[in-house]
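For reference, the structure discussed in these notes is given below.
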Amino acid sequence: MSTLRPVRGAHDLFPEQMREHRYVSDAARGVAALYGFDEMATPIFEYSNVFKRTLGDTSDIVTKEMYTFTDKGGDEITLRPENTAGVARSFISEGLAQSTPLKFFYSGPMFRYERPQKGRLRQFHQIGVELVGVPAVQADLEVIACGARILDELGVLDKTVLELNTLGDTDSRSEYRDALVDYLQGHLGSLSAESRDRLERNPLRILDSKDEGDRAVITAAPLFTDYLNEDSQTFFAELRAGLENLGIAYELNPRLVRGLDYYCHTAFEFTTTALGAQGAVIAGGRYDGLISMMGGAQTPGVGWAGGIERLSMLCGGALPTPRPVVIVPVGATTRDRALQLAETLRRAGFRIDLSYSGNMSKRMKRANKLGACAAILLGEDELLRDEATIRHMDSGEQEAAPLASLPEVLARYK
RNA sequence: GUGGCUGUAGCUCAGUCGGUUAGAGCGCUAGAUUGUGGAUCUAGAGGUCGGGGGUUCAAUUCCCCUCAGCCACCCCA
């Protein structure tokens, strides 16, 4: 075993896995386009404060998971841990406020310093959509429907559950937050150390604690639904009615929380039990406070991100390997003609590979290993007649054909 | 970041109650078959037994540390 290895949690993607990734991202890109989300890309790194300001100083991602370094100019740079912050930065710095509503699709690598597991890597890949500038619930519905449609296209929708919650608007949330903190202050002694720690920074997260002492306290805690104001209730009711109207099944999960202040109203996750501890395959929500928090004009937004590796695992079965036509030159004088023929057929749209060396037997073995659908045997005597022998690899049948007719003959094997 | 399990050939794994040259299947290379693949047979290459340290006359085997993988917690994609 070599001491030379990839960085922990980072993996090479060989053609087979690359095909699986492409299968997921191509399907997603295609479906997203039908919803009007066109692909864009932000840089893989940003100034660190792009993420610090948007993700909040208290989130796990910022406090312990960012790949941050100082570049040669002395600037603090961070490899993006997610894409929404970059889109928001781009919205502000490129003056996109003039062009709302904006609908973007993206696909690419993200980086988080986490402990790797199956379905959880340090360099991983996400697809996602963002819809910026529409405050109405139709935006949420379109975004969620697009996610569901992609899962359906990939054939995994029935392996997932759409979990849904509302975080209410800013007023509702801050009122509830105050009430919750008041209540929890009164039970400080019964709370776990971690929850006491969270009380200041991220009290809503305590609701999700699995600690037994915490759970006892939480049972009697004030209910968020009692603090939802009328606007928030209406928004959520419309969202639910809209999903039902579209025939999109969902389950309410009141414990689905987002700890950061700029999240509001809609929070959702498509989750699965098929991937062990890594349940979320697509997760998103509404972030009306994000762009203003970064210094832009108050602009609503809603979006989601999905993990390509997780989606790919969920898809399961291996994708079919492409089958080339392999040219087998026989005899020293046929090599140049073989290369010419390869070029001609490639121009005609065929996937052509060559057997490079060895005797006939070796070359046929190579054709077989490449999974060829057909082999073109190019011998000296055939070439004198401008012909080649085509062998159908599955049946073993052979026929002679003029070189000029090869595209038509091969078309039958496609 | 915490806890548990695991680490022997490219892959999947046996094995060594501490003792000479560490095994199998698959895969790979070559030949049987110098103009014909998949099957079969034969031969061959390939391992500092994850890495470092300790105990011992002797460590792949026992102990410690470390690294990596998997699982759970956590978090999420």
Side-chain angles (χ1 to χ4, degrees), chain A residues 1-11 24 28 55 58-65 80-84 106-128 147 160 163 192 194 198 202 205 208-211 256-259 267 269-272 275-285 303-314 326 328-332 334 355 357-383 388-398:
Chain A
M1 272 248 180
S2 173
T3 53
L4 208 52
R5 25 182 164 94
V7 171
R8 163 122 108 143
H11 293 306
V24 171
L55 300 175
T58 61
S59 70
D60 277 4
I61 290 180
V62 168
T63 53
K64 44 192 191 198
E65 295 184 357
R80 63 184 186 193
E82 55 95 42
N83 205 295
T84 305
Y106 63 80
S107 170
M110 308 293 161
F111 307 84
R112 293 183 199 173
Y113 188 85
E114 294 201 77
R115 182 144 171 186
Q117 282 178 219
K118 180 170 262 175
R120 185 210 267 181
L121 302 167
R122 288 185 176 180
Q123 178 180 334
F124 61 106
H125 300 79
Q126 285 188 333
I127 49 169
T160 67
E163 298 186 36
S192 67
E194 179 154 24
R198 278 177 166 158
N202 206 344
R205 272 268 166 235
D208 206 17
S209 171
K210 276 148 191 121
D211 180 86
L256 187 61
V257 233
R258 297 278 129 93
E269 287 183 8
F270 287 90
T271 62
T272 180
L275 261 33
Q278 270 56 249
V281 290
I282 282 180
W304 54 253
I308 292 181
E309 284 85 355
R310 291 180 188 181
L311 287 166
S312 164
M313 277 190 284
L314 212 51
V326 173
V328 180
V330 184
T334 60
S355 67
S357 64
N359 56 29
M360 189 72 169
S361 172
K362 288 276 170 285
R363 289 170 191 253
M364 288 305 289
K365 276 183 179 158
R366 174 167 166 81
N368 192 52
K369 201 175 302 172
L370 287 168
C373 58
I376 300 176
L377 310 183
L378 220 51
E380 286 166 328
D381 39 339
E382 279 113 323
L383 274 180
T389 301
I390 297 96
R391 182 179 180 87
H392 188 213
M393 295 298 279
D394 290 339
S395 68
E397 284 167 22
Q398 296 192 176

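So that the names make sense, note that chain A is the first sequence line, chain B the second, and so on, each numbered from 1. Atoms considered below: every heavy atom in the structure, side chains included; atoms not considered: hydrogens, waters and symmetry mates.
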Between [options], which nucleotide gets closest to the side-chain atoms of [X]?
| X | options | result |
| --- | --- | --- |
| A:R115 | B:rA77, B:rG1, B:rG37 | B:rG1 |
| A:M364 | B:rG69, B:rU36, B:rA77 | B:rU36 |
| A:A277 | B:rA72, B:rC75, B:rG3 | B:rA72 |
| A:N359 | B:rG1, B:rG69, B:rU34 | B:rU34 |
| A:R120 | B:rC75, B:rU36, B:rG37 | B:rC75 |
| A:L377 | B:rG1, B:rA72, B:rU36 | B:rU36 |

Between [N] and [X], is there an OP1 or OP2 to side-chain N/O distance shorter than 4.0 Å?
| X | N | value |
| --- | --- | --- |
| A:K369 | B:rU29 | yes |
| A:R310 | B:rA77 | no |
| A:K362 | B:rU36 | no |
| A:Q117 | B:rA72 | yes |
| A:S361 | B:rU36 | no |

Touch check for [X], heavy atoms < 4.0 angstrom, all strands: base, sugar-phosphate only, or nothing?
| X | value |
| --- | --- |
| A:R363 | nothing |
| A:A283 | sugar-phosphate |
| A:E269 | nothing |
| A:Q398 | base |
| A:A305 | sugar-phosphate |
| A:L311 | nothing |
| A:R8 | sugar-phosphate |
| A:G331 | nothing |
| A:I308 | nothing |
| A:G128 | nothing |
| A:E82 | nothing |
| A:G284 | nothing |

Hey, is the main chain of [Y] close enough, under 3.5 Å, to the side chain of [X] for a donor-acceptor pair?
| X | Y | result |
| --- | --- | --- |
| A:E309 | A:F124 | no |
| A:R112 | A:R122 | no |
| A:R120 | A:E114 | no |
| A:R363 | A:S355 | yes |
| A:R366 | A:V326 | no |
| A:E269 | A:T271 | no |

Base paired to [N] (Watson-Crick or G-U; both N/O distances under 3.5 angstrom):
| N | result |
| --- | --- |
| B:rG25 | B:rC11 |
| B:rG3 | B:rC71 |
| B:rA32 | B:rU40 |
| B:rA58 | none |
| B:rC17 | none |

Using the [atom1] atoms only, state how far [M] lies from [N], rounded to an integer number of Å.
| N | M | atom1 | result |
| --- | --- | --- | --- |
| B:rG51 | B:rC67 | C1' | 7 Å |
| B:rG52 | B:rA43 | P | 36 Å |
| B:rC5 | B:rU48 | C1' | 26 Å |
| B:rC13 | B:rA9 | P | 11 Å |
| B:rA59 | B:rG53 | C1' | 13 Å |
| B:rG44 | B:rU61 | C1' | 30 Å |
| B:rU8 | B:rG69 | C1' | 15 Å |
| B:rU40 | B:rC17 | P | 36 Å |

Contact check, side chains of A:Q123 and A:H11, non-hydrogen atoms, under 4.5 Å:
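Answer no - side chains too far apart.
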
Answer yes if the side chains of A:E380 and A:T334 hold a donor-acceptor pair under 3.5 Å, and no otherwise.
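No, no side-chain donor-acceptor pair sits under 3.5 Å.
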
ask   = Per the atom types in the model, does the base of B:rG37 pair as donor or acceptor with the side chain of A:R366 at under 3.5 Å?
value =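 No such pair is found, so the answer is no.
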
Protein-nucleotide distance ([X], atom [atom1]; [N], atom [atom2]), rounded to Å:
| X | N | atom1 | atom2 | value |
| --- | --- | --- | --- | --- |
| A:E163 | B:rA77 | CD | C1' | 14 Å |
| A:E114 | B:rC76 | CD | C1' | 6 Å |
| A:K365 | B:rG27 | NZ | C1' | 14 Å |
| A:R391 | B:rG38 | CZ | P | 10 Å |
| A:E65 | B:rC76 | CD | C1' | 8 Å |
| A:E309 | B:rG69 | CD | C1' | 17 Å |

* Asked: Measuring from A:L275:CG to A:M313:CE, what's the distance to the nearest 0.5 Å?
  ->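 That separation rounds to 4.5 Å.
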
